[in-house]
*Asks:* 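Got a structure for you, written out below as structure tokens; questions coming shortly.
Counting starts at 1 for both ligands and their atoms, following the listed order. What you see below is based on every heavy atom in this structure, not just the backbone, and it leaves out hydrogens, waters and symmetry mates. Model, not experiment: these values are computed from the prediction.
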Amino acid sequence: MLLIRALRGLLFLSLVGITLFLAYAVTRGRPEDLPWTAFDLSRPIGLSTGGKVASLADRLPACAAQLDRAGVAYRALPPLDGGPSCGYADGIALASASRRAGARRIVLNPAAPPMSCAVAAGLAMWEWHVVQPAALRHFGEQVTGIDHYGAYSCRRTYGAAAGRWSEHATADAFDVAGFRLADGRRVSVQDDWRGTAVRAAFLREVRDGACRLFSTVLSPDYNEAHSDHIHVDVAARGRLGGGYCR
Ligand SMILES: [Zn+2]
């Protein structure tokens, strides 16, 4: 009886010790894994980064402060009232997705599309931590441009006449069509998703990396409607880790 009590006590103390040690180690080493730590765009992507990006939605001052701190060049846009289901109050236009020392300036084509600040924060992290490293590994080149189909669009999902409103209706989504490399090569979602091995691998890698940042990521793997772009958004369910990645 005494032995069992002693063993139980020992087990309890070890569990407390292990928990405290893990909490200490994780907090000191990888704050991006913990939901309660401060968000920082320049930190690597961690387990809780996607939730933090989604939680920036509709919080312009907090989001703009993050862009400022990370050195992202942007212009705040006046609020847009698009009716009962459309518009935004947290719109910005990215001057370029990056203004980091030593980093190339990424150009969005078309330039400066209106998007919510939270989407811009996710795109900046995606570029630094996912897209550029993947481009260097697969092509030995940096990405200098991202072709896209825009962010804001007052429409329901799939452009249907009825049903749920799209995250695009509040500028909380962005459709990526392709990438331009520094040497002039282009990688397009439509042509290269099932293209050469290296191009297809690059596109899947940037899709998978986006899934760690955005609430929803829909690629050509999802359906025919996404055969020519990768959709990313900061839908609210992403705050609790309810992401969707296809
Ligand atoms: Zn979309």
*Asks:* Restricting to N, O or S atoms of D175, which is nearest to the Zn ion (ligand 1)?
*Replies:*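 This residue's closest N, O or S atom turns out to be OD1.
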*Asks:* Any cation-pi pair here, R204 with W193, using under 6.0 Å and within 45°?
*Replies:*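 So R204 does make the cation-pi contact.
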*Asks:* Distance only, no hydrogens: is a donor on one side chain within 3.5 Å (strictly under) of an acceptor on the other, for R237 and T216?
*Replies:*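 Per modelled atom types, R237 and T216 side chains form a pair under 3.5 Å.
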*Asks:* Do the two ring centres, one from F214 and one from F174, sit under 6.0 Å apart?
*Replies:*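 No: the rings miss the under 6.0 Å criterion.
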*Asks:* Examine H229 and say whether one of its N/O/S atoms is closer to the Zn ion (ligand 1) than 2.8 Å.
*Replies:*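 So H229 does not count as coordinating the Zn ion (ligand 1).
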*Asks:* Output yes if H231 passes the N/O/S-under-2.8 Å test against the Zn ion (ligand 1); output no otherwise.
*Replies:*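 A backbone or side-chain N, O or S atom of H231 is under 2.8 Å from the Zn ion (ligand 1).
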*Asks:* Is it the case that over 12 heavy atoms from other parts of the model lie below 6.0 angstrom from the CZ atom of R164?
*Replies:*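 For R164, atom CZ is not crowded (no more than 12 foreign heavy atoms under 6.0 Å).
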